[in-house]
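Input: a single structure, listed below in structure tokens.
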Amino acid sequence: MPEMPEVETIRRDLCAPLLGRTIERVTFLWPRTAANMPSEEMAARLQGRKVVALRRRGKYLIIDLDPACHLIIHLRMTGRLHLYPGRTPAQKHTRVITELDNGAELHFWDQRKFGRFYCVEDENEVVGKLGPEPLADDWTVEAFKEALNKRRAPIKSLLLNQQIVAGIGNIYADEALFFAGIHPLRPGNSLNDDEVWHLHQAIRYVLREALKAQGSTFSTYRRPGEETGAYQLQHQVFRRTGKPCPVCRTPIERIKVGGRSTHFCPRCQV
DNA sequence: ACCACAACCTGGCCGC
DNA sequence: TGCGGCCAGGTTGTGG
């Protein structure tokens with residue numbers, strides 16, 4: 001579920017409560033959450049380390065620890081991080097409990113069990129292949145054009161490819177294509193310079209606005225204090241099948257692109 | 001290298 | 001009420 005604006009919102013919420021805290025104990029209730037080593041080993045490695053920074057790369061949350069290593073978390077479809085001020089019992093879908101030195105607990109809640117924790121010394125083992133950050137200065141229109149110009153796959157599928165640009169998921173792909181007026185099935189290499197420019201602008205616009213609204217909540221996304229996001233109230237097309245296009249009133253259509261639900265205005269997006 | 005698709009999981013919803 | 005089928009915001013592995 002969580003895309004870049006959701007993960008960034010979670011990162012910002014967790015900074016104050018986690019920075020400077022020492023991990024006293026980690027308990028994996030669903031051991032396969034530990035992705036790159038046995039869960040007992042990961043728990044032992046994390047114990048006693050102090051949180052020195054929280055960063056984000058694409059949809060990954062990176063927790064820098066001292067002595068030096070990184071705990072990297074991907075929430076996948078339904079993962080949430082809940083922060084509690086004191087000892088708190090596990091809920092039905094709690095998969096990992098992290099106890100901190102001030103008595104607080106960070107719970108990883110994940111209904112569908114797809115979320116993953118990585119513990120690494122070199123973060124590039126996990127995030128090394130990601131494409132550029134969409135809101136960073138180094139993600140230029142030229143770089144985007146270069147990434148698209150030999151690809152025949154539908155532009156919607158290319159936007160979901162984290163090696164082209166990191167952090168876009170199904171919601172913001174559909175929303176950005178709507179603002180750019182581009183049909184989701186258009187082959188990547190069929191976009192002209194003007195269209196690539198508009199799409200680049202649209203991606204940045206949508207992600208910034210979603211960030212301001214602290215993400216989109218449809219079902220399971222929650223912030224660490226369990227607040228919802230608000231950007232779903234501003235969606236133009238996503239999950240609005242049959243409702244009028246906000247620009248031309250034509251009913252929004254839903255199709256499958258690369259196996260993913262895709263929402264668009266058949267009149268505005270060509 | 002690129003692309004399509006199944007697999008990983010649980011639960012909600014819809015129709016019968 | 002119960003059951004089958006479909007749906008879900010992500011990523012990876014497999015095979016063409």
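A note on names: the letters A, B, ... follow the listed sequences, proteins ahead of strands, and every chain is numbered from 1.
With B/dG11, C/dC7, C/dG9 as the candidates, the nucleotide lying closest to the side chain of A/Arg254 is C/dC7. Side-chain proximity of A/Gln162 to the nucleotides C/dT11, B/dC9, B/dA4 is greatest for C/dT11. The nucleotide whose nearest atom lies closest to any side-chain atom of A/Arg239 is, among C/dG9, B/dC2, B/dC8, C/dG9. Of the candidates C/dT11, B/dT10, C/dG9, the closest approach to any side-chain atom of A/Glu3 belongs to C/dG9. Across C/dG9, B/dC3, C/dG10, the shortest atom-to-atom separation from the side chain of A/Lys59 is found for C/dG10. Closest to the side chain of A/His74, from the set B/dC8, C/dG10, B/dT10, is C/dG10.
The CZ-C1' distance, from A/Arg95 to B/dC8, rounds to 13 Å in whole Å. In this entry the distance linking CD of A/Gln111 with P of C/dG10 reads 16 Å, nearest Å. Distance A/Trp109 CH2 to B/dT10 P: 13 Å, rounded to the nearest Å. Here the C1' atom of nucleotide C/dC7 and the CD1 atom of A/Ile255 are 17 Å apart, to the nearest Å. A/Tyr118 has its OH atom 11 Å from the C1' atom of C/dG10, to the nearest Å. Straight-line distance from the CZ atom of A/Arg151 to the P atom of B/dA1: 11 Å, rounded to whole Å. One atom, CG of A/Asn161, and another, P of B/dC3, lie 9 Å apart when rounded to the nearest Å. Protein atom CG of A/Leu160 is 13 Å distant from nucleotide atom P of C/dT12, rounded to whole Å.
The side chain of A/Arg32 places an N or O atom within less than 4.0 Å of a non-bridging phosphate oxygen (OP1 or OP2) of B/dC9. Put simply, A/Lys92 has a side-chain N or O that comes within less than 4.0 Å of OP1 or OP2 on B/dG11. Contact check, A/Arg260 against C/dG9: a side-chain N or O comes under 4.0 Å of OP1 or OP2. At the phosphate of B/dG11, OP1 or OP2 sits under 4.0 Å from a side-chain N or O atom of A/His93.
Checked for salt-bridge contact, A/Lys59 and A/Glu6 miss the test: no charged N lies under 4.0 Å from a carboxylate O. For the pair A/Asp110 and A/Arg95, the salt-bridge criterion is not met [side-chain N within less than 4.0 Å of a carboxylate O]. A salt bridge does not link A/Arg57 to A/Glu123: none of the charged side-chain nitrogens sits closer than 4.0 Å to a carboxylate oxygen.
The partner of C/dG4 is B/dC14, by the rule that a Watson-Crick or G-U pair needs both atom distances under 3.5 Å. Taking a pair to require two hydrogen-bonding distances under 3.5 Å in either a Watson-Crick or a G-U wobble arrangement, B/dA6 pairs with C/dT12.
A donor-acceptor contact closer than 3.5 angstrom is absent between the side chains of A/His107 and A/Thr88.
The same atom, P, is picked in C/dT11 and in B/dG11; the two are 22 Å apart, to the nearest Å.
For A/Asp122, the CG atom counts as densely surrounded, since its 6.0 Å shell holds more than 12 non-hydrogen atoms of other residues, nucleotides or ligands.
Counting any heavy atom pair closer than 4.0 Å across all strands shown, A/Tyr221 reaches a base atom. A/Ser216 comes within 4.0 angstrom of a nucleotide base, judged by non-hydrogen atoms across all strands. The residue A/Gly169 sits close only to the backbone: its heavy atoms come under 4.0 Å of sugar-phosphate atoms, none of a base.
Put simply, the side chain of A/Ser216 does not reach to within 4.5 Å of the side chain of A/Tyr221, judged on heavy atoms.
Taking the nucleotide of DNA chain C with the nearest heavy atom to each of A/Glu6 and A/Val126, the more 5' of the two is matched to A/Glu6.
Ring orientation note: the planes of A/Tyr205 and A/Phe179 are nearly perpendicular, at an angle over 60° on the 30°/60° scale.
Side-chain atoms of A/Arg76 and base atoms of C/dG9 include no donor and acceptor less than 3.5 Å apart.
In this pair, A/Phe114 lays its aromatic ring flat on the base of B/dC8, centres within 5.5 Å and planes under 30 degrees apart.
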